[in-house]
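Here the structure comes first, spelled out in structure tokens, and everything after it is commentary.
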Amino acid sequence: MDPIFLKPYDPKAHEDTIYKRWEESGFFNPDNLPPLKKRKKREPYSIVLPPPNVTGTLHMGHAAMLAIQDILIRFNRMRGKKTLWLPGVDHAAIATQSKVESDIYKKEKKTRHDLGREVFLKRVEEFAKESHDTIVNQIKKMGSSVDWSREAFTLDEVRTKAVYTAFKQMYEDGLIYRSARVCNWDPKGQTTVSDDETEREEREAMLYTFRYDKDFPIAISTTRPETKLGDTGVAVHPSDTRYAKYVGKTFDASFMGEKLSIKVVADKEVDMEFGTGAVGVTPAHSFTDWDIATRHDLPLKQVINEYAQMTAGNDSVKGKKVKVARNIIVEELRKAGLIEKEEKVMQSVLIAERTGGVIEPLPKLQWWIDTEKEFKLKHSRINGIKSGSTVTLKRLMKHVVEKGHISILPERFTKIYYHWIDNLRPWCISRQIWYGHRIPIWYHEPRCVPIPGREEEVSECEMTVLSETQPKCAHCNAIYIQDTDTLDTWFSSGLWTFSTLGWPEKTNDLKTYHPTDVLETGYDILFFWVARMILMSGYLLGDIPFRTVYLHGLVRDEKGRKMSKSLGNIIDPLDMIEKYGGDATRLSLIIGAAAGNDLRLSEEKIRGYKHFVNKLWNIARFILENYNEDALDARFNDTDQKFMDKEVQTAVERVTKNIESFRLDLAADEVYHFVWDKFAAVEIEFTKSALKNPGTKDWARKSAQRKLYDTLVVSLKLLHPFMPFVTETIWSYLPQKEKTLLMVEEWPA
RNA sequence: GGGCGCUUAGCUCAGUUGGUAGAGCAAUUCGUUUACACCGAAAAGGUCGGGGGUUCAAGUCCCUCAGCGCCCACCA
């Protein structure tokens with residue numbers, strides 16, 4: 001026995017060495033896996049790693065994700081699958097840009113505009129590079145058996161090509177279009193954001209009931225009087241008799257120095273019970289009102305700019321921030337005696353989740369994806385949808401889940417998924433930031449000046465061109481200018497399952513590993529990401545991106561609170577690995593964590609599993625201490641033979657079954673108790689007397705030794721997906737004839 | 001406003017097709033010439049949130065109430 005076993009297990013002494021040995025073996029890459037003993041062909045099994053954002057470091061949530069996926073991967077690799085786990089990172093456009101912006105501002109008091117697009121982007125790239133290296137190190141520390149040779153980045157060359165190809169196809173199919181409509185404008189981040197990047201916050205607000213001026217026949221209610229400068233209509237319910245006589249008429253009014261022309265319209269969306277039953281319609285600054293205005297053909301009048309300042313009204317409000325303007329207006333209305341009622345109400349305010357800025361709905365020219373437009377799906381491998389059939393993105397997204405081609409675990413999220421699709425509005429994909437994939441559209445402005453005698457050519461000359469590289473006008477030689485916006489980061493993430501495998505090229509990887517088997521991620525990005533992958537894969541490949549979606553919960557602190565810097569309750573995975581080892585950290589994130597349930601984590605829990613790791617170490621020590629080489633040839637005596645067989649068999653069956661059904665928590669718990677309560681507490685204790693007793697016959701001793709050894713081998717295999725480091729370490733000290741790696745050993749059956 | 005989840009031992013959670021409750025951690029007592037004190041042994045701890053129903057039998061199925069949490073939503 002190696003003297004190393006005389007001391008308690010020290011993860012730090014082994015983990016990095018073991019990881020290096022795995023890497024050097026090349027077995028993380030499925031192409032290098034050794035042939036199976038029974039000459040069976042390896043079936044592919046693949047997972048793509050949800051790419052962590054290059055915004056900084058990994059947290060416990062990432063650690064949980066890595067642990068879960070590594071268990072699935074190692075389990076399947078041991079079962080003889082051609083197993084690919086493809087890693088990568090996400091450029092995370094807005095998140096990364098705002099992080100770097102604020103860092104630069106703190107240090108140098110400069111904005112991105114001071115630096116300019118090119119210099120600023122260089123700074124972001126430097127930051128992303130650094131972040132990337134940190135993340136890679138952390139992924140390794142967790143023992144993740146990812147194939148580094150296939151590592152991808154959402155912003156690298158291959159992925160950029162994929163983004164361009166996807167954009168082009170959607171643009172040509174008319175699914176991507178440019179249009180001016182009210183969108184979520186974040187005045188703090190100075191960009192639009194999609195509906196999913198906003199959240200609601202309950203706030204107390206004042207609801208004012210007033211008239212634009214004393215001659216206006218109808219009183220309206222609002223919490224935002226300042227937007228009323230942009231009103232072009234008043235809407236009432238069609239069956240509201242109080243206002244029926246006004247419907248269809250237009251009234252002029254003067255409000256805060258602004259001349260208003262208000263048309264009264266009847267719309268069934270209006271709630272007769274609320275306020276006065278009449279709504280001032282502000283098409284430019286409210287989503288609801290935009291819709292009403294569209295239905296009744298009311299004009300659009302913008303009165304607030306990108307900085308949330310008033311652009312209309314008299315000098316007392318013009319140029320003021322909306323909040324300030326609101327107070328001034330209310331004060332004025334009070335003085336004029338126009339306010340009929342003021343009441344406190346609870347209101348949910350839309351917030352940009354990245355910056356915390358209050359969303360200002362503004363009409364802007366943006367790029368959108370239409371999820372309801374019909375198109376022809378050229379090639380389909382989806383059961384129930386024929387190639388060439390007419391579908392919409394929404395229908396495609398729903399179909400694959402409804403028909404069970406994709407199953408979502410836990411199942412309850414399926415309903416949530418449908419609900420999200422049903423309420424999906426056009427997806428705004430353009431962002432007014434610099435970091436990300438620039439929109440591959442070029443504009444020819446001003447338009448060619450007609451050359452006398454050659455006027456016809458000008459009509460051929462396009463103003464808007466889709467191109468990867470800078471085009472030039474064939475007629476006037478003018479250089480086209482590229483759209484300054486970048487794409488929503490989730491556009492490229494949506495392509496992740498196949499862009500990572502080389503799409504749009506028809507690669508072997510794509511053929512072999514797509515659709516992937518499992519998509520494992522947090523339930524908080526079901527809409528952001530999972531749904532978008534289903535959309536993109538369905539549309540571009542006519543296929544599903546994965547067969548199973550496994551959603552894990554959030555990792556919280558021991559009191560159930562979210563881990564956050566401000567609460568100071570963050571448990572850093574690297575600290576825990578340093579103190580208790582990667583194996584203990586992994587176990588603490590698996591046991592007690594069922595799919596979709598949040599997990600409460602405490603340092604104590606991690607320490608508890610460190611004890612288990614050491615227990616296993618000592619089991620190995622005992623067995624190796626009492627072991628002779630020739631025991632391997634021993635014939636079993638009947639008692640030894642039968643003693644543990646049933647227990648081992650049961651453990652193998654249960655662990656296997658539980659991993660297969662994604663109950664990793666139960667599988668880990670099962671093997672934990674098998675090893676501690678059955679193997680250590682019963683078998684070893686029972687065998688001890690035979691080994692220690694000087695009267696024991698030689699063959700009986702050998703038989704006992706052999707049996708213990710065999711049980712240890714099975715235990716190591718069963719434990720390996722959950723605690724790869726210590727099991728591989730012990731494996732390396734076993735007296736094997738050929739030195740092999742446990743990670744590619746065959747799973748017991 | 002709509003939808004979903006949770007409520008089981010002090011804490012964190014299991015409990016698969018219904019058959020009078022389990023684990024880890026913590027706490028208690030005892031035990032270190034023993035593979036392991038990062039250990040072992042023992043004992044303790046629950047009217048399974050309340051109420052009602054179905055059933056021979058309910059933590060498990062149904063109804064209802066309460067508390068907590070989450071998601072979605074253009075009532076200004």
Side-chain angles (χ1 to χ4, degrees), chain A residues 1 5-10 182 195-196 199-200 205 207-209 220-225 227-228 231 234-235 269-282 285-292 345 347-348 350 361 410-420 422-425 523-524 526-527 553-554 556 558-560 580-581 584 587-588 591-594 596-602 604-626 654 657-658 661 663 665-666 669-670 672-673 676-677 680-681 684-685 687-688 691-692 708:
Chain A
M1 184 196 65
F5 282 101
L6 294 175
K7 280 186 252 154
Y9 177 67
D10 175 17
V182 177
D195 294 336
D196 294 296
E199 52 193 17
R200 286 171 183 278
L207 181 70
Y208 304 97
T209 301
I220 53 159
S221 302
T222 183
T223 52
R224 296 198 60 188
T227 62
K228 299 292 108 182
D231 281 13
V234 160
E269 283 297 298
V270 179
D271 182 355
M272 284 166 66
E273 309 296 318
F274 191 90
T276 57
V279 196
V281 183
T282 323
H285 302 291
S286 153
F287 296 101
T288 322
D289 296 5
W290 166 272
D291 289 342
I292 295 178
V345 290
Q347 187 192 28
S348 63
L350 213 55
E411 215 199 319
R412 69 185 133 92
F413 284 98
T414 310
K415 247 192 200 170
I416 301 178
Y417 172 80
Y418 293 145
H419 187 253
W420 179 79
D422 291 339
N423 287 298
L424 196 56
R425 293 189 291 178
Y523 64 72
D524 50 330
L526 177 65
F527 308 135
L554 267 46
R556 299 173 174 276
E558 70 256 76
K559 290 180 188 125
Y580 308 109
L587 279 178
S588 72
I591 298 182
N597 287 0
D598 290 353
L599 171 75
R600 293 190 185 196
L601 185 69
S602 61
E604 217 165 61
K605 185 175 178 189
I606 303 171
R607 195 187 307 128
Y609 290 113
K610 167 78 169 45
H611 297 177
F612 177 61
V613 173
N614 193 54
K615 181 77 183 177
L616 182 69
W617 185 249
N618 279 294
I619 289 171
R621 168 186 168 167
F622 176 80
I623 291 170
L624 293 176
E625 214 167 35
N626 294 288
R654 286 196 188 153
K657 200 192 94 213
N658 279 321
S661 52
R663 290 305 306 265
D665 54 327
L666 297 183
D669 199 53
E670 176 72 32
Y672 176 100
H673 286 107
W676 203 310
D677 302 343
I684 290 183
E685 290 307 319
T687 317
K688 247 183 212 172
L691 294 173
K692 299 280 168 189
L708 283 181

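So that the names make sense, note that chain A is the first sequence line, chain B the second, and so on, each numbered from 1.
- With both ends at atom C1', the span from B/U60 to B/U55 equals 13 Å, rounded to whole Å.
- Look at A/R600 and you'll find a side-chain N or O under 4.0 angstrom from OP1 or OP2 of B/U12.
- The gap from the C1' atom of B/G59 to that of B/G18 amounts to 10 Å, rounded to the nearest Å.
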Summarise protein proximity over nucleotides 21-36 of chain B in one line of letters, 5' to 3': B for base, S for sugar-phosphate only, - for none, counting protein heavy atoms closer than 4.0 Å. --SSS--------SBB

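- The side chain of A/R556 places no N or O atom within less than 4.0 Å of a non-bridging phosphate oxygen (OP1 or OP2) of B/G69.
- Checking the phosphate oxygens (OP1, OP2) of B/C38, no side-chain nitrogen or oxygen of A/K610 falls inside 4.0 Å.
- Partners of A/W420 according to the ring-ring contact (aromatic ring centres under 6.0 Å, His included) rule, which considers only residues two or more places apart in sequence or in another chain, are A/F527.
- Among the duplex regions that RNA chain B forms, those built from at least three successive Watson-Crick or G-U pairs under 3.5 Å are B:1-7 with B:66-72, B:10-13 with B:22-25, B:28-31 with B:39-42, B:49-53 with B:61-65, ordered by first number.
- In summary, the side chains of A/H285 and A/D289 do not present any donor paired with an acceptor at a separation below 3.5 Å, with no hydrogens or angles considered.
- Positionally, the nearest nucleotide of RNA chain B for A/R663 lies more toward the 5' end than for the other of A/R663 and A/T223.
- To the nearest whole angstrom, the two P atoms, one in B/U16 and one in B/C62, are 14 Å apart.
- Rounded to a whole angstrom, the distance from the P atom of B/U33 to that of B/G24 is 26 Å.
- Only the C1' atoms considered, B/U20 is 24 Å distant from B/C63, to the nearest whole Å.
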